[in-house]
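Okay, so here's the structure we're looking at.
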2 protein chains.
Amino acid sequence: MANNNLSLDTAFYALSDPTRRAVISRLLRRSAPVKELAEPFKMGLPSFLKHLRVLEESGFIVTEKIGRTRTCRVRVERLEEAENWLSEQRKLWQAATDRLAHYVEEQMPGDGTDD
Amino acid sequence: MANNNLSLDTAFYALSDPTRRAVISRLLRRSAPVKELAEPFKMGLPSFLKHLRVLEESGFIVTEKIGRTRTCRVRVERLEEAENWLSEQRKLWQAATDRLAHYVEEQMPGDGTDD
DNA sequence: ATTATTGTTTGCCATATGGTGAACTATAGA
DNA sequence: TCTATAGTTCACCATATGGCAAACAATAAT
């Protein structure tokens, strides 16, 4: 229903950072606590937490704190939403391309090798 | 070969803005000059040009100036690159899901309806 | 030759982003 | 209880972003 656009804004924005993409990749293989997730990166925990929050607010991950560790897991649906926008755009383009092909075919039945 | 990561950074970043996504959508139907592209938006031309530059530098559009008008067209390859990253991630996830399914199946041959 | 149109450049501004270190909380372990 | 661990919060900073108005091309159009 609601503001799907906003959701796309935050989704693509979240994906625009290599740290955040790496976290998603990592979590797709297996859920993990914050510290383990943060290890591969040379930034401090507070910075890393900001990235996690971006991922969570954009809906890419969900977290749950048990005891003193917070476990993160990915929400694949969000990946699919972003993917869907892109594939829909491609459909638009394909439709336009088909129209163009039709047009070209009608205009020049002989040869189309011109640039 | 080269820095595909940087390219993903800029690609997703470019897609994170509604104005820029709208421009891409528009251009997928038909190429257009700057002024025509800018019309639907209430911002000034200079601001709009910044968006166009982001789109051009991220490889989503190509522009050519003829006379006093600059025509913009979309580069679909870039859309596909972004889409590919997402679909590859989904493959990772699917592989992990399959492994989990295997595991569950081996552990409980009776019923798998548990969460 | 004027004038209108189309785009571009230049400063400027408020806010967001991504990082830091340091202090703090809360749980687990010895 | 004391201490180490895992995460969180806070104040701060430099830079990037996205908008603006205004001045400036450069090319049509009259």
Does the pair B:R26/B:E36 count as a salt bridge with the N-to-O cut at 4.0 Å?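 Salt bridge between B:R26 and B:E36, a charged N being under 4.0 Å from a carboxylate O: yes.
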Separation of [N] [atom2] from [X] [atom1] (nearest whole Å):
X	N	atom1	atom2	answer
A:D17	C:dT17	CG	P	12 Å
B:L49	D:dA25	CG	P	17 Å
A:L37	D:dT8	CG	P	12 Å
B:L45	D:dA21	CG	C1'	13 Å
A:E39	D:dT5	CD	C1'	13 Å
A:E36	D:dG7	CD	C1'	15 Å
A:K42	C:dG21	NZ	P	13 Å
A:F41	C:dG18	CZ	P	14 Å

So what does [X] hit on the nucleic acid, given a heavy-atom distance under 4.0 Å: a base, only sugar-phosphate, or nothing?
X	value
B:P46	base
B:K50	base
A:T69	sugar-phosphate

Using ring centroids (six-membered ring only for Trp), state whether B:F41 and B:F48 fall under 6.0 Å. yes
Of all the choices, C:dT20, C:dT6, D:dA6, which nucleotide is nearest to the side chain of A:M43 once you look at every atom?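 That would be C:dT20.
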Kindly say if [X] contacts the phosphate of [N], meaning a side-chain N or O under 4.0 Å from OP1 or OP2.
X	N	result
B:S47	D:dC20	yes
A:R68	C:dG29	no
A:R53	D:dT8	no
B:R20	D:dG18	yes
A:H51	C:dT17	no
A:Y13	D:dG18	no

I want to confirm an ordering. Mapping A:G67 and B:V34 to their closest nucleotides on DNA chain C, which one lands closer to the 5' end? B:V34
Run the salt bridge (charged side-chain N to carboxylate O under 4.0 Å, His left out) check on B:E83 and A:R90 step by step: do they pass? CA-CA 10 Å; B:E83 200 180 357; A:R90 219 190 28 195; 3.3 Å; yes
How about A:S7 and A:R78: do any of their side-chain heavy atoms sit closer than 4.5 Å?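 The answer is yes; the side chains approach within 4.5 Å.
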B:Q89 and A:S25: side-chain donor and acceptor closer than 3.5 Å? yes
